[in-house]
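Structure first, commentary second.
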2 protein chains.
Amino acid sequence: MGAEPSAERKRTRIQIRNSEAILEAALDVFSQAGFRGATLDQIAEAAGLSKPNLLYYFPSKEAIHTTLLAGLMDSWLAPLAALRADGDPVEELLGYVRRKLAMTRRYPRESRLFANEILQGAPHIHAMIAGELKALVDEKAALIADWAAQGRIAAVDPRHLIFSIWATTQHYADFDAQVRGVLGPAEPDPLVAAEQFLTHLFRAALTPPSR
Amino acid sequence: MGAEPSAERKRTRIQIRNSEAILEAALDVFSQAGFRGATLDQIAEAAGLSKPNLLYYFPSKEAIHTTLLAGLMDSWLAPLAALRADGDPVEELLGYVRRKLAMTRRYPRESRLFANEILQGAPHIHAMIAGELKALVDEKAALIADWAAQGRIAAVDPRHLIFSIWATTQHYADFDAQVRGVLGPAEPDPLVAAEQFLTHLFRAALTPPSR
DNA sequence: GTCTATAGAAGGATAGAC
DNA sequence: GTCTATCCTTCTATAGAC
């Protein structure tokens, strides 16, 4: 806790460029092999640097991993954070489903990085889950509960609704190998059919019975 | 490929006992740390054997892993295999959801073992996914498509329905760390509320519009 | 069948020249 | 800032006594 405002110090262009190349390469490798399965050799090769040079930019393998996770956190929470109280509740929640699915499509490596981490018991992000993430879920769950109490959506458990949205959307990134294997090589883009199905699934479950 | 009918040879009681202790310990360790993250030391300690003794029963770390996966395959597919053509289609599918959720409750380690494997690209079970699993899904998807064509369930994509059932039920085992962190320490058993929510979710999505 | 000891390889991290 | 060389630990697997 020195005088520096953060871990980000003044850096030259080349330092910024190399740091970003390392994080990009590390995302590739960590998301595919997990933390223990990834090696500095693989990351160094993917980044086009030597192994010692990697450790000139980051003090350790763990530091690279931690930097990655922390840097991705905000954008990972953005789709849920964007859930608004105004507008039609059912459409608002379906919009969340679509935003989350768009994340899966665009950032499958990030999804697998988090999946690996949580699957191993979330050793590096325990605090964030029980803190930042829980707070966000609590806030949005209260909003959803309000909607349900007003009869504007069906009576559902808000937290398990959120879990099911996470599970169904991230499935297409995290279990991609299984999805592709089961659908076969002919299938072009599973996410198109997935969006249609999930829209039906959650619209049917959320539409209140009275209308 | 010798004259032996399979890898299972004649074995004494103590051999059977030790083999099972190793597989039980390996399930613990592999499911928590993944293949690369697990070490023979951990497995040996959990099994109450020495490391060389482990390798007396199995030729390699990989052999333990492969034996585990292969041995669990049938029981893992059982809930879907039990989907029957007779009875009410909606209730039949809800029964599948409940059976799958019961697997999650009873066999969370098995769920995480498979999740780890698929997350890393399913290197050891590629063939099984594109073969046995795909065949089973194709068969049951055809049954579900028939139900939909007859208007006995809503018109849904059968394969993505199956994916969503896998995703939502296994989520409570694979992402247990996140579920517990978000719900907080007070929550006793997330799976009770989960079963209620998922029953509503899939009943609403599957019930045909006309009745 | 089970152990101690150890070989051999891989991986994270550091030293020090340039 | 980047490299070569290397240290040291960890890990899989084997050798060989009992």
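In the text below, chain A, chain B and the rest are named by the order of the sequence lines, each starting its count at 1.
Between His65(B) and Phe58(B), the gap from one ring centroid to the other reaches at least 6.0 Å.
Spacing between atom CD1 of Ile22(B) and atom C1' of dT2(C) amounts to 12 Å, rounded to whole angstrom units. Atom-to-atom, NZ of Lys51(B) to C1' of dA7(C) comes out at 12 Å; the value is rounded to the nearest Å. If you measure from atom CD of Glu45(A) to atom P of dG12(C), you get 14 Å, rounded to the nearest angstrom. We find that CD of Gln42(B) is positioned 7 Å from P of dC11(D), with the value rounded to whole Å. Rounded to whole Å, atom C1' of dT12(D) lies 11 Å from atom CD1 of Ile64(B). Rounded to whole Å, atom C1' of dT4(C) lies 16 Å from atom CG of Leu54(B).
Distances were taken from every side-chain heavy atom of Ser60(A) (C-beta onward) to each of dA13(C), dG11(C), dT2(D); the shortest belongs to dA13(C). Among dC3(D), dG1(D), dC3(C), the nucleotide with an atom closest to any side-chain atom of Pro52(A) is dC3(D). Among the nucleotides dG11(C), dG1(C), dG1(D), the one closest to the side chain of Gln15(A) is dG1(D). For Leu55(B), whose side chain is taken as the heavy atoms from C-beta onward, the closest listed nucleotide among dG1(C), dA13(D), dT14(C) is dA13(D). Distance from the side chain of Lys61(B) is smallest for dT12(D) among the nucleotides dT12(D), dT2(C), dG11(C). Comparing atom distances between the Ser50(A) side chain and each of dG1(D), dT4(D), dG12(C) picks out dT4(D) as nearest. Taking every side-chain heavy atom of Arg36(B) into account, dG11(C) is the closest of dG12(C), dG11(C), dA5(D).
Lys100(A) forms a cation-pi arrangement with Trp76(A), by the criterion of a distance under 6.0 Å to the ring centre and an angle within 45° of the ring axis.
A donor atom on one side chain and an acceptor atom on the other are found under 3.5 Å apart for Glu62(A) and His124(A). Side-chain contact of Gln42(A) with Thr39(A): a donor-acceptor pair under 3.5 Å is present, judged by distance alone.
Using a 4.0 Å cut-off, some side-chain N or O of Tyr57(B) falls inside it from OP1 or OP2 of dT2(C). A close approach under 4.0 Å does not occur between any side-chain nitrogen or oxygen of Tyr56(B) and OP1 or OP2 of dT2(C). Within the 4.0 Å cut-off from OP1 or OP2 of dC3(C), at least one side-chain nitrogen or oxygen of Asn53(B) is found.
Between Asn18(B) and Phe35(A), the residue anchored nearer the 5' end of DNA chain C, judged by the nucleotide with its closest heavy atom, is Asn18(B). When the nearest nucleotides of DNA chain D are assigned to Leu49(A) and Asp41(B) by heavy-atom distance, the more 5′-ward of the two goes with Leu49(A).
When heavy atoms are screened at a 4.0 angstrom cut-off, Phe58(B) is found touching no nucleic acid atom at all. Using a 4.0 Å heavy-atom cutoff across all strands shown, Ala38(A) reaches sugar-phosphate atoms only and no base atom. Among the atoms of the strands shown, only primed sugar atoms or phosphate atoms (P, OP1, OP2) are found under 4.0 Å from some heavy atom of Leu40(B).
Salt bridge status for Asp86(B) with Arg84(B): present, with a side-chain N to carboxylate O gap under 4.0 Å.
Using bins of under 30°, 30° to 60° and over 60° for the plane-to-plane angle, the ring pair His171(B)/Phe175(B) lands in the parallel bin.
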